[in-house]
Amino acid sequence: MNYWLMKSEPDVFGIDDLKRVGVEPWDGVRNYQARNMMRDQMQVGDLAFFYHSNTKVPGVVGIMEIVRAGYPDDCAWDPEHKYYDPKSSPDNPRWYRVDVAYKETFPQVVPLETLKSMPQLADMALVRRGNRLSIMPVTADEWEIIQQMAKMETDHDAC
DNA sequence: GCCAACGTTGGC
DNA sequence: GCCAACGTTGGC
């Protein structure tokens, strides 16, 4: 089983939206590295952190589960769609997506700022300067650390 | 195959 | 809203 981190702008689609709909195709990814991970590596049962980007406090806000492995993103074939890409076709799909299911929302955001301050997380693409990858792998250790921080934030709040 | 121009991401 | 960093495109 693999762990992942997936970014989305809460103004467009946030974790509250995912909670409401339950399951959602993660479409519109137009980056080859991210596509390769969805197409080749993501498997049903994998878990992913939901990350809010481009917002007041960017950070990890919850957990979701991959419930359908990579399959062609047919948004790319619809000329009316905002994710339309004329270079993708049913015969030769250029872009892929996965389906994700809501699992949980953390009581508090684990802010990017906090993640950056953790030496154990220094290798994550997320905290590296100028990184723009919207989907990235997370190691089991990193997964554990971030999950514990989500709990710690709660404990701290209770004091 | 180089690289300048352009568009996008995303923190701040 | 600004802008640095990065990926992609297209002329040559």
Side-chain angles (χ1 to χ4, degrees), chain A residues 2-21 24-42 46-64 66 70-100 102-139 142-143 145-150 152-153 156-157:
Chain A
N2 305 305
Y3 297 108
W4 306 94
L5 181 145
M6 301 168 84
K7 298 180 182 174
S8 183
E9 302 185 23
D11 289 347
V12 179
F13 187 83
I15 193 154
D16 291 341
D17 298 305
L18 182 60
K19 184 176 187 178
R20 184 166 38 79
V21 298
E24 178 80 1
W26 202 268
D27 55 20
V29 174
R30 297 290 180 265
N31 169 282
Y32 288 105
Q33 259 184 288
R35 179 213 54 190
N36 292 346
M37 288 186 269
M38 288 198 292
R39 188 188 58 187
D40 306 333
Q41 295 180 295
M42 280 193 183
D46 285 0
L47 297 177
F49 286 130
F50 198 126
Y51 178 91
H52 279 178
S53 66
N54 236 324
T55 186
K56 200 170 175 188
V57 182
V60 177
V61 293
I63 294 175
M64 52 197 172
I66 310 303
Y71 64 104
D73 183 355
D74 58 26
C75 295
W77 309 333
D78 176 4
E80 303 297 312
H81 202 281
K82 71 178 210 180
Y83 296 135
Y84 176 61
D85 179 353
K87 290 170 185 160
S88 187
S89 70
D91 288 344
N92 189 16
R94 173 177 290 212
W95 304 114
Y96 282 71
R97 66 186 181 211
V98 296
D99 288 354
V100 298
Y102 175 83
K103 290 282 279 189
E104 75 173 272
T105 304
F106 294 151
Q108 284 194 342
V109 183
V110 181
L112 175 62
E113 193 184 5
T114 308
L115 300 176
K116 279 183 169 172
S117 71
M118 305 280 297
Q120 305 97 306
L121 301 179
D123 286 340
M124 288 187 80
L126 183 72
V127 301
R128 286 207 295 269
R129 181 161 199 252
N131 172 71
R132 292 167 43 184
L133 203 54
S134 64
I135 295 177
M136 66 190 75
V138 173
T139 68
E142 291 162 350
W143 183 268
I145 289 166
I146 293 171
Q147 263 205 323
Q148 278 178 10
M149 291 175 81
M152 275 171 50
E153 300 270 332
H156 186 261
D157 200 38

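Chain A is the first sequence line, chain B the second, and so forth, proteins listed ahead of strands; every chain is numbered from 1. Just so we're clear, the structure is a prediction, and the values are computed from it rather than from any experiment.
Using a 4.0 Å cutoff on non-hydrogen atoms, the parts of residues 116-130 of chain A near DNA chain C are A/Arg129, A/Gly130, ordered by number.
Taking atom CG of A/Asn131 as the reference point, atom P of B/dG11 lies 10 Å away to the nearest angstrom. Taking atom CD1 of A/Ile135 as the reference point, atom P of B/dG10 lies 11 Å away to the nearest angstrom. Protein atom CD of A/Glu113 is 16 Å distant from nucleotide atom C1' of B/dG10, rounded to whole Å. The nearest whole Å value for the distance from the CZ atom in A/Arg30 to the C1' atom in C/dT9 is 17 Å. Look at OH on A/Tyr51: it is 8 Å from P on B/dG10, rounded to the nearest Å. Distance NE2 (A/His52) to P (B/dT9): 17 Å, rounded to an integer number of Å. Spacing between atom OH of A/Tyr83 and atom C1' of B/dT9 amounts to 13 Å, rounded to whole angstrom units.
Sorted by first and then second residue, the side-chain hydrogen bond (donor to acceptor under 3.5 Å, both in side chains) pairs with a member in residues 53-62 of chain A read A/Glu9-A/Asn54; sequence neighbours excluded. Annotation: side-chain hydrogen bond (donor to acceptor under 3.5 Å, both in side chains) contacts involving residues 10-19 of chain A, sequence neighbours excluded, comprise A/Asp17-A/Arg20.
With sequence neighbours excluded, the residues forming a side-chain contact (heavy atoms from CB on, under 4.5 Å) with A/Asn2 are A/Trp4, A/Asp46, listed by chain and number. Residues satisfying the ring-ring contact (aromatic ring centres under 6.0 Å, His included) test with A/Tyr3, not counting sequence neighbours, are A/Trp143. Listed by chain and number, the residues in a ring-ring contact (aromatic ring centres under 6.0 Å, His included) with A/Tyr32 are A/Trp95 (sequence neighbours excluded). Partners of A/Tyr83 according to the ring-ring contact (aromatic ring centres under 6.0 Å, His included) rule, which considers only residues two or more places apart in sequence or in another chain, are A/His81. For A/Ala122, there are no side-chain contact (heavy atoms from CB on, under 4.5 Å) partners, not counting sequence neighbours.
Between A/Lys7 and B/dT9 there is no side-chain N or O to OP1 or OP2 distance below 4.0 Å.
For A/Arg94 and A/Asn54, each mapped to the nucleotide of DNA chain C holding its nearest heavy atom, the one lying further toward the 5' end belongs to A/Asn54.
A/Asp73 has a carboxylate O that lies under 4.0 Å from a charged side-chain N of A/Arg30, or vice versa, which qualifies the two as a salt bridge.
A/Tyr71 and A/Asp99 share a side-chain donor-acceptor pair at under 3.5 Å.
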What N/O pairs connect the protein and nucleotides 4-8 of chain B at under 3.5 Å? Give each pair on its own line.
| from | atom 1 | to | atom 2 | distance (Å) |
| --- | --- | --- | --- | --- |
| B/dT8 | O2 | A/Arg132 | NH1 | 3.4 |
| B/dT8 | O2 | A/Arg132 | NH2 | 3.1 |

